[in-house]
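Below, read A as the first sequence line, B as the second, and so on, with proteins coming before strands; counting in each chain starts at 1.
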Number of protein chains: 2
Amino acid sequence: MHLSQEGIESVSSKDLAGLLGVNPWQIRKDFSYFGDFGTPGVGYKLTHLIRRINKILHLDIGHKAALVGVGNLGSAMLAFPGFRTYGFEITAAFDVDRRKIGRRKAGVLVEDIARLTNLDARDICLGIIAVPEGASQAVADRLVGAGVRAILNFSPRYITVPKRVKVITIDIAMDLARLPYYMSAG
Amino acid sequence: MHLSQEGIESVSSKDLAGLLGVNPWQIRKDFSYFGDFGTPGVGYKLTHLIRRINKILHLDIGHKAALVGVGNLGSAMLAFPGFRTYGFEITAAFDVDRRKIGRRKAGVLVEDIARLTNLDARDICLGIIAVPEGASQAVADRLVGAGVRAILNFSPRYITVPKRVKVITIDIAMDLARLPYYMSAG
DNA sequence: GTTTGTGAATAGTTTCACAGCA
DNA sequence: TGCTGTGAAACTATTCACAAAC
């Protein structure tokens with residue numbers, strides 16, 4: 001992605017592998033499942049590759065997201081520029097805290113969580129849960145009721161949703177907890 | 001983990017499976033690799049299970065971590081209570097911004113990144129990278145030089161380190177980017 | 001009756017090696 | 001010569017089924 005800014009037009013599977021920390025044949029095998037074709041002897045043309053991958057992952061159209069929980073982590077999400085890279089935009093934010101409701105954070109109005117309904121009417125298909133601990137299931141239920149089709153969950157709890165809704169959970173503490181196992185003696 | 005607060009003493013593989021969203025036999029198989037034993041007809045005793053898992057993952061001793069990058073995400077990390085659950089504590093924070101250096105965030109003094117050396121002398125074995133974009137590799141190099149043995153990397157870049165150092169990268173934007181693929185028509 | 005622990009069967013992933021194209 | 005795309009081999013993980021334990 002950064003490569004295109006450096007005037008590079010083509011990358012080989014070896015280049016990509018080095019950049020991503022995997023083996024070249026993994027790259028080629030993965031691409032081959034989608035019939036993606038590069039040029040033997042040259043590599044993959046960057047513009048073509050990016051367009052193709054965006055299409056496969058459905059990133060070719062923009063997506064609007066609603067954030068629930070404007071605490072430390074939620075605020076970081078609102079300010080995070082990385083979402084734009086893949087065509088995402090947080091266009092709504094919700095919280096329970098009266099002191100936050102009505103104010104703006106990173107240009108987005110913080111609304112009362114009671115108003116978290118009919119997100120589909122606002123063209124929002126995606127929910128981000130950044131509330132602390134136990135509230136996550138209730139928030140997930142509200143998001144599903146409001147019509148989102150996918151949820152990014154930052155709370156350290158497994159949440160249950162209808163199977164038409166896709167959930168990805170990022171449990172930061174648990175990810176960190178995997179590290180000590182690999183650290184030799186200490 | 002929350003279960004112990006509810007007075008529950010034993011869990012079956014079925015209970016755990018429901019709680020984690022996986023199959024019961026997956027739980028049993030995974031435990032069996034470590035020769036962990038529950039009681040047939042009853043289940044797994046919670047206190048024993050937690051102690052055993054903490055031992056296996058080396059979470060039975062506390063770990064000190066250094067945070068690099070006290071921006072939005074970094075501040076969220078400092079305030080995040082979840083690390084304590086697994087025995088982690090952020091005891092040092094570093095930034096390049098003169099306005100932040102010398103101040104305290106969530107009780108932790110923000111130091112000049114130039115002072116990021118000899119972390120091992122301060123009993124810190126773990127680095128958390130929360131800097132924006134391109135600075136991540138340079139920060140990783142500094143952390144390795146200062147003696148950390150593992151890194152939690154929040155920047156969307158693959159970083160290269162000696163193989164004795166374990167890295168886990170959490171690319172929030174890319175995790176989010178996986179969702180649209182699963183959302184039907186939109 | 002209930003639940004664990006595990007061998008065997010099944011499914012999936014990673015790795016390799018090489019034919020074919022630029 | 002350099003690199004892709006893919007069939008086959010090796011490996012790993014998941015699922016099942018059931019004997020032994022409570």
Side-chain angles (χ1 to χ4, degrees), chain A residues 1-4 6-57 158 160 163 166-169 171 174-175 177-178 181-182, chain B residues 1-4 6-57 158 160 163 166-169 171 174-175 177-178 181-182:
Chain A
M1 301 287 173
H2 331 272
L3 295 175
S4 49
E6 292 165 28
I8 292 158
E9 289 192 351
S10 283
V11 276
S12 66
S13 55
K14 194 153 140 272
D15 297 337
L16 281 172
L19 234 35
L20 297 171
V22 296
N23 320 66
W25 51 80
Q26 227 166 81
I27 300 273
R28 295 206 299 276
K29 181 60 105 179
D30 287 357
F31 284 177
S32 81
Y33 286 122
F34 295 98
D36 220 298
F37 39 83
T39 317
V42 181
Y44 302 90
K45 202 186 165 202
L46 257 186
T47 54
H48 179 251
L49 190 59
I50 290 169
R51 200 169 27 233
R52 195 80 177 71
I53 290 175
N54 281 346
K55 192 103 181 180
I56 291 166
L57 297 177
Y158 173 73
T160 308
K163 63 178 174 301
K166 173 74 179 176
V167 176
I168 286 184
T169 296
D171 186 338
M174 196 162 279
D175 286 328
R178 287 161 49 199
Y181 177 75
Y182 298 98
Chain B
M1 299 288 174
H2 333 269
L3 295 176
S4 48
E6 295 167 26
I8 292 158
E9 290 192 348
S10 284
V11 277
S12 66
S13 55
K14 196 154 138 272
D15 297 336
L16 282 171
L19 234 35
L20 297 171
V22 296
N23 320 66
W25 52 77
Q26 225 166 83
I27 300 275
R28 295 206 298 275
K29 180 62 104 181
D30 287 357
F31 284 177
S32 81
Y33 286 121
F34 294 98
D36 219 299
F37 38 82
T39 318
V42 181
Y44 302 90
K45 203 188 163 199
L46 258 184
T47 54
H48 180 252
L49 190 60
I50 291 169
R51 199 168 30 233
R52 196 81 178 67
I53 291 175
N54 280 346
K55 193 101 180 181
I56 291 166
L57 297 177
Y158 174 75
T160 307
K163 62 179 173 301
K166 172 75 179 176
V167 177
I168 287 185
T169 295
D171 186 339
M174 195 162 279
D175 286 328
R178 286 162 51 201
Y181 177 75
Y182 297 99

Undergrad: Would a distance-only check, ignoring hydrogens and angles, find a side-chain to backbone donor-acceptor pair under 3.5 Å from A:Arg52 to A:Phe37?
TA: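 Here the side-chain-to-backbone pair does not exist.
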Undergrad: Please work out if B:Asp30 contacts a base, only the sugar-phosphate, or nothing of the nucleic acid, heavy-atom cut-off 4.0 Å.
TA: nothing
Undergrad: Considering every strand and a 4.0 Å limit on heavy-atom distances, what is the contact class for B:Phe31: base, sugar-phosphate, or nothing?
TA: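 Nothing, no nucleic acid heavy atom in range.
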Undergrad: Check every atom of C:dA22, D:dA21, D:dC16 against the side chain of A:Thr39 and return the nucleotide holding the closest atom.
TA: C:dA22
Undergrad: Name the closest nucleotide to the B:Arg28 side chain, picking from D:dG5, C:dG7, C:dT4.
TA: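 My answer, after comparing the listed nucleotides, is C:dT4.
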Undergrad: Compare the minimum distances between each of C:dT15, C:dG5, C:dT4 and the side chain of A:Gln26, then state the nucleotide with the smallest one.
TA: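 Looking only at heavy atoms from C-beta outward on A:Gln26, the closest nucleotide is C:dT15.
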Undergrad: If the cut-off is 4.0 Å, is A:Asn23 near the phosphate of C:dT14, judged by side-chain N/O to OP1 or OP2?
TA: no
Undergrad: Provide, to the nearest angstrom, the distance between the NE2 atom belonging to A:His48 and the P atom belonging to D:dT4.
TA: 14 Å
Undergrad: Below 4.0 angstrom from OP1 or OP2 of D:dT4, is there any side-chain N or O of A:Ser13?
TA: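 Yes, such a contact exists.
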Undergrad: Could you pull out the closest heavy-atom pair between A:Leu19 and B:Tyr158, with the gap in Å?
TA: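 That would be O-CB, 3.1 Å.
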Undergrad: Of all the nucleotides listed (C:dC16, C:dG5, C:dT4), which has the minimum atom distance to the side chain of B:Pro40?
TA: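 The answer is C:dT4.
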Undergrad: Can a side chain N or O of A:Tyr44 be found less than 4.0 Å away from OP1 or OP2 on D:dG5?
TA: yes
Undergrad: Taking all heavy atoms of A:Ile56 and all of B:Tyr181, pick out the closest pair and write down the distance.
TA: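 Nearest heavy atoms, A:Ile56 then B:Tyr181: O-CD1, 3.2 Å.
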Undergrad: Between D:dA20, D:dT6, C:dT6, which nucleotide has the shortest distance from any of its atoms to the side chain of A:Lys29?
TA: D:dT6
Undergrad: The side chain of B:Tyr33 is closest to which nucleotide in this list: D:dT4, D:dT14, C:dT14?
TA: D:dT14
Undergrad: Taking A:Ser12's backbone N and O only, do any of them form a donor-acceptor pair with A:Asp15's side chain (distance below 3.5 Å, no angle check)?
TA: yes
